[in-house]
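Notes follow the structure.
This is a predicted model, so every value here is computed, not measured.
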Amino acid sequence: MARTAGKKGLGKGLQAFFPEQEDKQEEQIVQVDLADVRPNPYQPRKTFSEEALKELSNSIREHGILQPVTVRKAIKGYEIVMGERRVKAAKQAGLTQIPVIVQELDENKMMEIALIENLQREDLNPIEEAIAYEKLMEHTNSTQEQLAKRLGKSRPHIANHMRLLQLPKVVQEFISVGKLTMGHGRALLGLQDKQKLSQLLEKVLQDKLSVREVEQLVQRLNEHVPRETKQVKVKLPPIIKEQQERLRDTLGTSVLIKPGKKKGKIEIDYFSEDDLERILSLLVHTEKE
């Protein structure tokens, strides 16, 4: 049986992407079978605290689900848009039905809402957050600057998170599970001789080094890197530096311009095959203009 609820806001970040959501005056809350509800394939959160789930499950068992789960109609049953944690807790509590709000969303909007909702909750680990930013930039064709404005975050905040995706998967995993912090990851990115990363990582974990200690150790290791393998820092002319920043904003990734006497070089970072396709499409689009 359906009943009417008041307007449900999706948060500042979601409204910035989907202002039409603000025009909805009311939404219908209906009860559906829990067995008909499937997880969101675009859920950025891969880890859920068992302790927090247990606490929520106990609360649901006693008081029920106070905030309906947002879903969309699928070919069979429903797919979760927002509220996967509540669904997991409801299953633990032994519920057979849950209250939901059914929205009509295509694949892209479903993915974007799921990503933004999790980002607004600020309970993603740094790697999940970085991946969410990457996916949002790809699917909304946004630069880091544009994404920062829409989400109410600083551009360096987004850039620093996305830089973590340049780390080897093993380091990303340690950050995801909390054995390393984001600061540790940023310090490890500074290591010039990547062949020493495994040995350094082992020491960091075994000796439980602080971020400052890792930074100092990386600095000492970099001093012993052969000259031909060192990344020499060149002071760029103001005009080149400005162009470099323009490219970074346009492409939404790290860009280095290396000028030379007769010719120069532009280095563009990408984090995956999908990210490469995104950057190439931006370059082609800019060229056509």
TODO: Taking all heavy atoms of Gly83 and all of Val69, pick out the closest pair and write down the distance.
DONE: O-CG2, 4.0 Å
Determine whether [X] and [Y] make a side-chain contact, defined as any pair of heavy atoms from C-beta on separated by less than 4.5 Å.
| X | Y | value |
| --- | --- | --- |
| Ile101 | Gln28 | no |
| Met162 | Met137 | yes |
| Tyr133 | Glu138 | no |
| Glu129 | His157 | yes |
| Leu197 | Pro168 | yes |
| Ile266 | Leu256 | no |
| Thr96 | Leu34 | no |
| Gln92 | Leu53 | yes |

TODO: For the residue pair Asn58 and Glu55, confirm or rule out a side-chain donor-acceptor distance under 3.5 Å.
DONE: no
Task: Co-membership, hydrophobic cluster, residues Ile127 and Leu205, 4.5 Å side-chain - done: yes
Open item on the list: I'd like to know if Lys258 and Glu267 make a salt bridge, using a cut-off of under 4.0 Å between side-chain N and carboxylate O.
Closed with: yes
Task: Salt-bridge contact Glu51-Lys54 (side-chain N to carboxylate O under 4.0 Å) - done: no
Pairwise distance [atom1]([X]) to [atom2]([Y]) - rounded to 0.5 angstrom:
| X | Y | atom1 | atom2 | result |
| --- | --- | --- | --- | --- |
| Glu134 | Leu147 | CD | CG | 11.5 Å |
| Leu56 | Arg86 | CG | CZ | 8.5 Å |
| Leu105 | Glu79 | CG | CD | 10.5 Å |
| Lys208 | Glu213 | NZ | CD | 13.0 Å |

Please determine whether the number of non-hydrogen atoms from other residues, nucleotides or ligands lying under 6.0 Å from atom [atom1] of [X] exceeds 12.
| X | atom1 | result |
| --- | --- | --- |
| Lys73 | NZ | yes |
| Arg246 | CZ | no |
| Arg38 | CZ | yes |
| Gln216 | CD | yes |

Task: Test log, rule side-chain contact (heavy atoms from CB on, under 4.5 Å), inputs Leu95 and Ile65 - done: CA-CA 10 Å; Leu95 269 62; Ile65 296 181; 4.3 Å; yes
Has the side chain of [X] got a donor or acceptor atom that lies under 3.5 Å from a matching backbone atom of [Y]?
| X | Y | value |
| --- | --- | --- |
| Arg186 | Asn160 | no |
| Asn125 | Glu128 | yes |
| Asn222 | Gln192 | yes |

